[in-house]
Structure formats: structure tokens, C-alpha cells
Amino acid sequence: MVVFILLTQYMLKYFDDFVGKDLGFTVFAELIAYFSINMTPIAFPLAVLLSSLMTFGNLGEHFELTAIKSAGISLVRVLRPLFVFVVCLSALVYYSNNFIVPKANLEAYSLLYDIKQKKPSIDIKEGAFYGGIPGYSIKANKKYDDDKSLGDLIIYNHSDKKGNTEIILADSALMYTILGDKYLVMELFDGKSYTEEDADKPNEPSNYIRNIFQHNKVVFSLASFEMERTDKELFSSNRLMKSERELRYDVDSMNTDIIKSKRTIYRYTPRFFNMHMQDVDDIKPQTVAIWEQMKEDTVSSNSDSTVLENEQLTSSDVVPVKGAGKNLNEKKLKSGIKFEQEKKSLELEKITTYDSTLIARADSAFESRNRGNNNIVDKPRFAKNRLKGENKRIENRQFESNVYDIEANKKLSDAVACIVMFLIGAPLGAIIKKGGLGFPVIVSIVFFIISYVINTTGIKLGRAGDISTFWAVWSSNFMLLPFGLFFLRQARNDSRLFETDYYAVKINKFFRLFKKEK
């Protein structure tokens with residue numbers, strides 16, 4: 001039932017793409033089956049919430065929970081086997097979200113794309129030209145109610161791509177399809193055709209041929225109206241068609257690409273300020289200067305270590321000292337680790353500000369050396385545009401990385417949501433003590449809306465980078481879990497949390513306190 005409701009709401013978005021295309025029952029059945037699987041990540045938590053509410057509501061309404069408790073069985077013991085079942089169901093949901101749903105999404109969205117690309121069935125409207133058949137334009141000034149008979153028909157044939165070289169006029173026509181709707185036949189009555197033939201020589205006039213007929217047939221190919229299936233591999237790069245492992249791999253690749261782009265910016269910028277660097281060397285950002293110095297130290301340390309190894313191999317005068325080789329290796333190891341840490345920190349570091357005094361000195365030095373040179377303005381402008389483009393590319397890549405990371409986290413969070421919804425629904429049903437499709441459905445919708453709003457807001461903030469992708473997906477579970485634990489505690493104590501009489505007694509006691517004081 002939950003899948004049906006969600007599927008109906010989702011498929012209405014594509015209703016305009018289905019109308020008038022004569023898709024057939026099998027295509028609709030296939031599309032509905034795939035999108036039903038697509039709805040399961042949302043449907044399972046809601047279904048668990050609704051079913052647990054209805055089940056324990058019925059038990060409470062018929063006093064069966066009271067009988068169970070009077071036998072010495074606590075509510076927690078009653079919930080234990082069902083909780084184990086829900087945990088197993090959550091594991092099944094995670095497997096489905098990770099492996100089954102991506103494959104169903106690939107089939108569903110590839111089929112939906114083919115449906116959108118398919119031409120609508122032939123619909124010739126009265127008094128308007130119809131150009132759906134390639135190479136022809138058809139106009140019927142009169143269309144009868146049977147949708148087959150036409151009156152005062154005009155057909156322009158430009159299939160040879162030389163213009164309207166053939167025109168057919170008919171007083172009436174009857175149209176129908178043959179050979180499994182592969183061809184459209186128009187039987188024309190009482191008409192004329194005008195044909196312009198190409199001249200044999202360029203300077204000679206064209207020949208015009210006029211034919212008069214009482215009955216004629218024109219056959220049109222409907223191959224362009226058939227739905228062609230696109231290669232599914234073209235859609236496989238989308239995040240909805242990937243498993244969690246593939247999404248994690250893509251996120252790592254994007255983050256690596258972002259780091260490389262940032263390093264490119266840091267190394268690319270000095271090329272446009274080479275004249276500045278000749279006179280004002282301290283205009284360089286400190287991180288770039290350290291990075292360059294570290295590269296020089298690395299080269300020199302590698303050459304020194306090579307010389308040292310050669311000396312150890314060739315010298316016979318060296319007296320071996322106990323532990324000296326070990327200490328030397330430890331120093332090399334520590335220096336290598338330190339270098340890698342500093343290098344990694346430099347890769348992740350972002351330069352955001354420059355010293356305005358240094359920039360002013362650099363500008364004056366550059367201006368004095370390039371006075372009268374047109375390159376003074378063009379070169380910084382090009383550098384600015386290049387850096388803006390790189391920054392925009394990094395922002396887009398970061399947004400895409402956040403989107404993929406959120407999709408990877410949703411695989412598990414949607415499965416855990418089943419456990420959270422069970423902890424809310426089962427105790428709440430025991431407290432409400434109402435089964436059926438009445439009050440439990442309303443409560444389920446309320447909690448589903450709360451969960452949906454929290455998820456939507458978190459995902460929006462997570463994609464923008466305002467919060468971490470982990471909290472963007474898991475915030476709804478962490479926020480709703482305390483409600484489940486609270487309802488469980490109240491249900492164990494036989495709380496009358498949703499009974500109006502309970503609150504009426506509390507309100508009367510509150511007002512009595514004020515009366516006694518007077």
C-alpha cells in the first residue's frame with residue numbers, strides 16, 4: 001500500500017510524457033515494476049512505522065497487551081522478537097539499497113528516457129499542419145468523429161529534401177495502419193497531384209506534371225514512431241545507478257582532483273608575476289616558498305645519502321659503531337615521515353589573503369620595468385580569469401563530491417531508519433490503543449513528514465557544504481530516536497499519554513491548587 005501511494009505520487013510527474021504515445025501495457029508494467037523497487041528506500045521505513053502502529057494498536061484496543069502483561073510478560077519481552085525481525089529486515093533493506101535498487105534505477109531511467117524520446121502517436125488536428133511524419137506536411141480542413149475520415153486534405157511531399165516538389169490535394173481521405181502499425185495508409189478520393197521534375201539541363205525550365213485521380217493510396221512509414229532502446233551503459237555513470245563502494249571510490253577520486261586543482265593554482269600563479277619576483281622575492285606566499293625549499297632539500301638529501309652509501313661501501317678505515325646504522329636509519333625514517341606530513345599539509349592548505357604592502361611594492365616594481373607595455377593590463381586580467389575559472393571548477397567539484405557522499409551515506413541510513421521507526425511505532429501503538437487505518441495512519445504521516453523535512457533540509461545543507469555529509473543524512477535518525485525511547489518508556493509504565501481524561505484530571509488538579517491558596 002505504501003509503495004502504491006508513493007509510486008502514484010511519483011509517476012504523476014511524468015504523466016505528460018506518457019500521454020498520446022500508445023506505449024502498450026507491457027511498457028507500463030515494466031516501468032511500474034522498476035519504479036516500485038525505486039520507491040523501497042522510502043517505503044520500507046514508513047511501512048514499518050505504519051504496520052507496528054496498527055499491530056500494537058489492535059493489541060491494545062482488544063486488551064491483549066493487558067492480558068500479556070498480567071501473565072508477567074513485559075512489553076520489552078514482547079517487542080524483542082519483532083525487534084530482531086526488524087533488524088534482519090534492515091539488513092535486507094541495506095542489501096536492496098546497495099545492489100538491487102541501483103540496477104532497477106538503471107532500467108527505470110533508461111526506459112523513461114526512451115519513452116520521452118518516443119514521438120506521440122499520429123494526431124492530425126483540424127485546420128492545422130501536421131509534420132510528425134518525416135518528409136511530409138499534412139493538413140486536413142475537416143476531421144470527422146471516427147478519427148479516421150478526413151476532408152479537404154493537402155499533402156506536401158518534401159522527402160527528397162528539394163522543397164515541396166510534390167503536392168497532393170484530395171476531397172476526402174480514409175487513414176488506417178497496416179503490418180502491426182508499421183505503416184500508415186491514406187486512401188485519397190477525388191483529388192489532384194502536382195509534381196515538379198528536375199530539368200535535364202541547368203538552363204532548361206522544370207517540367208510540371210498534373211494528375212487527376214478518383215482513388216489513390218499513399219503509404220507512410222512509421223518507423224520513426226517506434227520506441228528505440230538506448231544503450232544502458234550511457235546512464236551507468238549517474239549516482240543513482242551505483243553501489244556504496246562505487247560511490248565511495250568516486251568521492252575519493254573527486255577529492256584527489258580537488259587537491260590537485262588547488263596545487264595547480266598555487267604553482268600556476270607565480271608565472272604571471274615573474275617580474276615581481278625578480279625585485280620583491282618576499283611577495284611569494286610562505287607556503288609556496290616552504291614547498292620550494294622542501295623540494296630543494298629533498299634533492300640535496302637524496303644526493304647526500306647516495307654519497308654516504310658509496311663511502312660506506314668503499315671505505316675500509318671506518319670503524320663500525322654499535323647502533324650507528326640503526327640510528328641513521330631511524331633519522332632517515334623520521335625525516336621522511338616529517339616531510340610527507342608537511343607535504344600533505346601544504347597540499348591541503350589554502351591561501352586566502354596576501355599582504356597589501358607587499359602587493360603594492362610588487363606592482364610598483366612591475367610598473368617601473370614594463371612602462372608603456374600593453375602586457376601590464378592583459379597579463380593580470382588573463383591570470384584573474386584563469387584563477388576564477390579554476391576556483392569555480394573546484395566549487396563545482398566539491399558540490400558534486402558532497403552529492404555523491406550523501407548518496408553513499410543514504411544506503412545505510414535508510415536501512416537504520418526502519419529500526420528507528422519501529423521503536424517509535426510499536427510503543428506508540430501500545431499507548432494509543434487504536435488499530436485500523438484511522439488514527440495510526442495520521443500519526444504515521446506526521447512522523448513521516450517530520451523525517452522527510454529533516455532529511456530534505458539536511459541534504460540541502462550538506463550539498464552546499466554548510467554541514468558535514470554524515471549529519472546531513474543521519475540527522476533525522478538521531479533526532480527521532482529519542483522520541484522512540486521516550487514512547488518506549490511511557491509504554492512500559494502504562495502511560496495515558498494520548499488520553500484526554502488524563503490531561504483533564506491534571507488541569508483540574510492544577511486549578512485546585514490556586515483555589516486552596518485563596
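The analysis underlying the following values was restricted to heavy atoms, covering all of them including side chains, and did not include hydrogens, waters or symmetry mates. Everything quoted here is computed from the prediction, not taken from an experiment.
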With a 4.5 Å heavy-atom cut-off, do [X] and [Y] have their side chains touching?
X: Ser90; Y: Val416; value: no
X: Leu111; Y: Glu30; value: yes
X: Ile168; Y: Ile154; value: no
X: Leu428; Y: Phe56; value: no
X: Val443; Y: Leu53; value: yes
X: Lys103; Y: Ile37; value: no
X: Phe422; Y: Leu49; value: no
X: Glu395; Y: Lys392; value: yes

Do the side-chain N and O atoms of [X] and [Y] include a donor-acceptor pair separated by under 3.5 angstrom?
X: Asn455; Y: Ser476; result: yes
X: Asn105; Y: Asn38; result: yes
X: Asn255; Y: Ser401; result: yes

So, for [X] and [Y], which heavy atoms are closest and what is the spacing to 0.1 Å?
X: Leu174; Y: Ser149; value: CD1-OG, 3.9 Å
X: Glu407; Y: Leu240; value: OE2-CD2, 3.8 Å
X: Leu188; Y: Ala170; value: CB-CB, 4.0 Å
X: Leu31; Y: Leu112; value: CD1-N, 4.3 Å
X: Ser36; Y: Leu7; value: OG-CD2, 3.4 Å
X: Leu79; Y: Ala426; value: CD2-CB, 3.6 Å

Working for side chain to side chain contact (heavy atoms under 4.5 Å, CB included), residues Val93 and Thr40: CA-CA 8 Å; Val93 171; Thr40 54; over 6 Å; no
Counting only N and O atoms by type, is there a donor-acceptor contact under 3.5 Å from the side chain of [X] to the main-chain atoms of [Y]?
X: Thr456; Y: Val453; answer: no
X: Glu246; Y: Ser243; answer: yes
X: Asn477; Y: Ser413; answer: yes
X: Ser96; Y: Leu92; answer: no
X: Lys411; Y: Asn97; answer: yes
X: Asn98; Y: Tyr94; answer: no
X: Thr457; Y: Ile454; answer: no
X: Ser51; Y: Ala47; answer: yes

Looking at [X], I'd like to know if its [atom1] atom is crowded, meaning that more than 12 non-hydrogen atoms belonging to other residues, nucleotides or ligands lie closer than 6.0 Å.
X: Lys143; atom1: NZ; result: yes
X: Phe470; atom1: CZ; result: yes
X: Phe483; atom1: CZ; result: no
X: Phe213; atom1: CZ; result: yes

Under a 4.0 Å threshold between the charged nitrogen and the carboxylate oxygen, would [Y] count as salt-bridged to [X]?
X: Asp152; Y: Lys139; result: no
X: Glu244; Y: Arg248; result: yes
X: Glu400; Y: Arg397; result: yes
X: Arg239; Y: Asp405; result: no

About how many Å separate [atom2] of [Y] and [atom1] of [X], when rounded to the nearest 0.5 Å?
X: Asn391; Y: Asn396; atom1: CG; atom2: CG; result: 11.0 Å
X: Leu50; Y: Ser52; atom1: CG; atom2: OG; result: 8.0 Å
X: Gln398; Y: Ile394; atom1: CD; atom2: CD1; result: 9.5 Å
X: Lys148; Y: Thr177; atom1: NZ; atom2: OG1; result: 8.5 Å
X: Leu461; Y: Asn402; atom1: CG; atom2: CG; result: 11.5 Å
X: Met421; Y: Ser451; atom1: CE; atom2: OG; result: 4.0 Å

Verdict with supporting geometry, Met241 and Val101, side chain to side chain contact (heavy atoms under 4.5 Å, CB included): CA-CA 8 Å; Met241 290 68 170; Val101 173; over 6 Å; no
Partners of [X] by ring-ring contact (aromatic ring centres under 6.0 Å, His included), sequence neighbours excluded?
X: Tyr95; result: Phe99
X: Phe83; result: none
X: Phe448; result: none
X: Phe189; result: His215

Plane angle bin for Trp471 and Phe478 - parallel if under 30°, tilted between 30 and 60°, otherwise perpendicular: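 Taking Trp471 first and then Phe478, their aromatic rings sit tilted (interplane angle of 30° to 60°).
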Qualifying ring-ring contact (aromatic ring centres under 6.0 Å, His included) pairs with a residue from residues 384-411, counting only residues at least two apart or across chains: none
Residue pairs fulfilling ring-ring contact (aromatic ring centres under 6.0 Å, His included) with at least one residue in residues 150-188, sequence neighbours excluded: Phe129-Tyr156
Worked verdict on Tyr109 versus Phe35 for ring pair (Phe, Tyr, Trp, His ring centres under 6.0 Å): CA-CA 9 Å; Tyr109 285 103; Phe35 273 110; 5.5 Å; yes
Residue pair Arg210, Thr195: steps toward the side chain to side chain contact (heavy atoms under 4.5 Å, CB included) verdict: CA-CA 7 Å; Arg210 185 180 68 174; Thr195 307; over 6 Å; no
Derivation and outcome, side chain to side chain contact (heavy atoms under 4.5 Å, CB included), residues Ile167 and Asn157: CA-CA 6 Å; Ile167 301 174; Asn157 182 3; over 6 Å; no
